[in-house]
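Structure first, then comments.
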Amino acid sequence: MTLTAFRLVTIPILSDLEVREAPGTRLAEKSRDFRLLALKISSNAFASTYEEESKRSIEQTYERLTNSKAVQFVALKRGDEAIEQGASVVGLDELVRNEWEGFIVLLGPQAGSDGGVSASVNPFHLMTKTSAGDDAEDKSGGSHQDQTALHFHLNGMFVRPAARGSGLGRMLIEAAIERAVATAQGSDTKEIVVTIIVDEWNTKARSLYERCAFVGVARDTYRQQGQELAELRVALRMELRRTLDEK
Ligand SMILES: CC(C)(COP(=O)(O)OP(=O)(O)OC[C@H]1O[C@@H](n2cnc3c(N)ncnc32)[C@H](O)[C@@H]1OP(=O)(O)O)[C@@H](O)C(=O)NCCC(=O)NCCS
């Protein structure tokens with residue numbers, strides 16, 4: 001399949017009411033099903049597992065769909081739409097109706113460049129918290145050590161096996177980075193830092209991130225959720241730094 005067979009869309013951020021009424025509930029089910037498919041097919045690629053996430057209630061998916069600091073990108077098969085640059089916004093029905101081919105979520109921003117992300121920490125909670133002092137609206141950086149940077153984190157990267165190897169993974173990452181830059185522009189920020197965590201064994205994903213200009217900055221060990229007796233795994237924290245143009 002060639003890259004032009006796909007188009008990227010972002011899931012609209014839903015209100016608490018919208019996510020509890022159709023078509024929001026159907027979208028939540030679709031989103032959860034795709035995440036479970038990823039965990040089933042690529043059972044070694046994520047810090048979480050199918051067994052753990054299939055036990056969780058749909059409330060967790062609702063929480064993600066209503067969080068303005070979690071921008072979710074979905075790759076759909078292209079119909080006869082005009083080719084657009086970047087990711088477009090589509091209606092919920094269209095997201096529910098079409099097969100999802102790939103996914104990534106951009107979390108954040110948080111002020112500063114040392115987000116403390118690691119394979120043992122839930123990135124969603126860390127990167128989307130909005131409590132006083134950690135509020136991303138406070139883009140000047142509050143008490144954080146690096147007051148000129150904004151930190152984003154990429155998570156949940158997955159492409160269906162049949163769609164792999166045509167550049168879709170790269171397209172998802174680039175769209176997410178573009179969004180991070182756009183979010184940071186218009187603030188006092190001079191630099192963005194985008195992080196991603198990848199298992200060291202996962203050379204396919206690692207080389208993709210390297211091609212997108214990520215560099216490995218730290219290693220740490222962890223156990224997959226619900227696998228407390230399993231062997232420790234080695235995770236690599238990779239990051240991409242980008243200086244924003246002077247306004
Ligand atoms: C990692 C993953 C997201 C990559 O997705 P993808 O869509 O295959 O990514 P890309 O197509 O951009 O790049 C993959 C390969 O295709 C090659 N490729 C890209 N465009 C191509 C094209 N037009 N023609 C031929 N090959 C191409 C790339 O060079 C790359 O090759 P390499 O891996 O040998 O370096 C996918 O393999 C996946 O979902 N894996 C399981 C889950 C996972 O590991 N997630 C990451 C968790 S951190």
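Remember, predicted model here, so these are calculated numbers, not experimental data. As the structure lists them, so they are numbered: ligands from 1, and atoms in each ligand from 1.
Under 4.0 Å from ligand 1, the heavy atoms of Y209 that appear belong solely to its side chain. Neither the backbone nor the side chain of A38 has a heavy atom within less than 4.0 Å of ligand 1. Under 4.0 angstrom from ligand 1, the non-hydrogen atoms of L208 all belong to its side chain. Of all the heavy atoms of I196, none lies under 4.0 Å from any atom of ligand 1, so neither backbone nor side chain is involved. No part of M171 comes within 4.0 Å of ligand 1, judged by heavy-atom distances.
We find that R164 and E101 are not joined by a salt bridge, their nearest charged nitrogen and carboxylate oxygen being 4.0 Å or further apart. With respect to the salt-bridge test (charged N to carboxylate O, under 4.0 angstrom), the residues R32 and E29 do not qualify. Using a 4.0 Å cut-off between a side-chain N of Lys or Arg and a carboxylate O of Asp or Glu, E191 and R241 qualify as a salt bridge.
For the pair F158 and ligand 1, the shortest N or O to N or O distance does not fall below 3.5 Å. The distance criterion of under 3.5 Å between nitrogen or oxygen atoms is met by M157 with respect to ligand 1. The shortest N or O to N or O distance between S42 and ligand 1 is not under 3.5 Å.
In this structure Q227 satisfies the side-chain contact (heavy atoms from CB on, under 4.5 Å) test together with T49, Q224, A230, sequence neighbours excluded. Listed by chain and number, the residues in a side-chain contact (heavy atoms from CB on, under 4.5 Å) with E18 are L14, S15 (sequence neighbours excluded).
Evaluated by nearest non-hydrogen atom to atom 44 (O) of ligand 1, the leading choice among N202, I197, D199 is N202. For atom 19 (C) of ligand 1, the nearest non-hydrogen atom from the set G167, A205, A235 belongs to G167. Taking each of A45, A47, G165, A75 in turn, the one with a heavy atom nearest to atom 27 (C) of ligand 1 proves to be G165. The nearest non-hydrogen atom to atom 13 (O) of ligand 1, considering only R164, R211, K204, R170, comes from R211.
Every atom of ligand 1 with a heavy atom of S207 under 4.0 Å away is listed here by number and element: 33 (O), 35 (O).
Protein heavy atom in closest approach to atom 7 (O) of ligand 1: G169 N, 2.9 Å. The protein heavy-atom contact nearest to atom 23 (N) of ligand 1 is S166 O, 3.9 Å. Protein heavy atom at the shortest distance from atom 39 (O) of ligand 1 is V159 N, 2.8 Å.
The one candidate from F34, F6, F73 that meets the ring pair (Phe, Tyr, Trp, His ring centres under 6.0 Å) condition with W100 is F34.
Between T25 and Y62 the shortest side-chain heavy-atom distance falls below 4.5 Å. W201 is listed as a side-chain neighbour of N44, based on a closest heavy-atom distance under 4.5 Å.
Ring orientation note: the planes of H151 and H153 are nearly perpendicular, at an angle over 60° on the 30°/60° scale.
Atom CZ of R242 has 12 or fewer heavy atoms from other residues, nucleotides or ligands within 6.0 Å.
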